[in-house]
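Here the structure comes first, spelled out in structure tokens, and everything after it is commentary.
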Amino acid sequence: MAASGTNLNSGICPVAGDSGCRVNPPDQARYDNYRIYNVEFENQEQIELFQKLEEQSDSLTFIGHAREIGQKLSILVAAHRVADIADLLKTYKVKHRVLTYNFQEKIDRNLAEVQPESIDASQLDWQHFFHLKTIYEWLDKMAEKYPNRVTVLDMGSSTQGNAIKGVKLTSNANNKAIFIESGIHAREWISPAAATYIINQLLTSQDPKVQQLAQNYNWIIFPSVNPDGYKYTFEHDRMWRKNRQLFGTCRGVDLNRNYPDHWNSTGSSSDPTRYDYAGPSAGSELETKRLIDFIRANADKEQIKTYIALHSYSQMLMFPYGYTKERVSNYDDLQEFGKKASAAIKAESGRDYVSGSLFETIYPSSGGSMDWAHSEAGIPIAYTFELRGPPDSQDLFILPAVEIQPTASEAFTAIRTIVEAAAEKGYYK
């Protein structure tokens, strides 16, 4: 019998250095032997089957929703459901490929590419991933290094009390401004990394064209507008997407479905357990309110004419709208700029990026920050970038660190191309 007061399940050693004491593993989600299936729908029966599967099971993570014949869809399948899904795919003759047989292996490799939280922020680079604390310390260091050009911004605190920090890069107070938000979806680590890369390029590049962009425009960049979620992906669940608001037995709102623009009308959920839960009401979340308040206070004052939201994955450059096939008034211009940006990426890296309205290009969704910025805040040039990998990526959101620099460079090339093309059309006059 255990001695009084000793909990055999506590993982706490009553005597320091006790070699027989078991240490409990961390409270971290694992995806051992989870598979990624990429399916293609050839008839309505198959579509309805997968719609039911998504509704009925929390053991399947759908990257999108089953909608139409010819659509390809990736699904992360829990190990204990592999036999069931394999049987259904065979029974209903669903065309498919297995992209990954053990998803945890990718996560383990990815976590090994993270620098420790204690690292000196001056060592931040684009060959590793970094904790929120390090990113924020790096922003402070850049402000110290370039005091005449960099101002640290703070939108305010998040749901769990973390700061939402960014920077403003200024060369001339009268310049028009470009706003970049990233990290609204916590698991998309490449987007905060791309944001810091862009900041660094604007401050240090010797390329005359980049220097011209830095001088002719002011840049407002927030690397993580969902800091609670971002921290959670490092500490507990690499695949977490939402914020960390509590709803009884579950947590999280998809912040990119929470904006008060045709809120919860399509491509979102009213169920708090779902990954695309739109929230209890439009603009309900503190993080959403912080960004809305910031844009409303600064859109005119800072002359913000361009809004870029960085996401992953699928290699797409998309503009409004997300909720309808109706076209924005400057659709032709946005399509032209997007195609030029896609061509610039192709010339740089050989990667194919598709451009078009969000509704036409990826899937219908409502309550997104880009649509709100364009429609409600009146920012004429608005895009959502889906960065690497391709739509049938074997990595999903777990992009290897070796791809950070080339991916971030593609994002910056696209932004440069869009800004230059928009300037030619007089958008910044």
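Along the sequence shown, residues are numbered consecutively beginning with 1.
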### Task
Show the numbers, then the answer: is there a side chain to side chain donor-acceptor pair (under 3.5 Å) between Tyr353 and Glu410?
CA-CA 10 Å; Tyr353 278 65; Glu410 289 169 356; 2.6 Å; yes
With a 4.5 Å heavy-atom cut-off, do [X] and [Y] have their side chains touching?
X: His311; Y: Thr384; value: yes
X: Gln104; Y: Tyr34; value: no
X: Ser74; Y: Tyr37; value: no
X: Ser157; Y: Ile164; value: no
X: Ile221; Y: Ser182; value: no

### Query
Is the backbone N or O of Thr233 less than 3.5 Å from a side-chain atom of Asp237, with the two atoms forming a donor-acceptor pair by type?
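The answer is no, because no donor-acceptor pair under 3.5 Å joins these two groups.
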### Salt bridge flag under 4.0 Å for residues Asp392 and Lys72
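Salt bridge flag = no for Lys72 with Asp392.
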### Ionic contact status for Glu403 with Arg388, cut-off 4.0 Å
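Judged by the 4.0 Å cut-off on N to carboxylate O distance, Arg388 and Glu403 do form a salt bridge.
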### Task
In sequence, state the C-alpha distance, the side-chain angles, and the governing distance for Tyr259 and Trp263, and then conclude on side chain to side chain contact (heavy atoms under 4.5 Å, CB included).
CA-CA 6 Å; Tyr259 282 78; Trp263 175 78; over 6 Å; no
### Task
Can you measure from CG (Asp261) to OG (Ser366) and round to the nearest 0.5 angstrom?
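Atom-to-atom, Asp261:CG and Ser366:OG are 8.5 Å apart.
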#### Entry: Euclidean distance, Glu285 CD relative to Lys289 NZ, rounded to 0.5 Å
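Here the interatomic distance stands at 7.5 Å.
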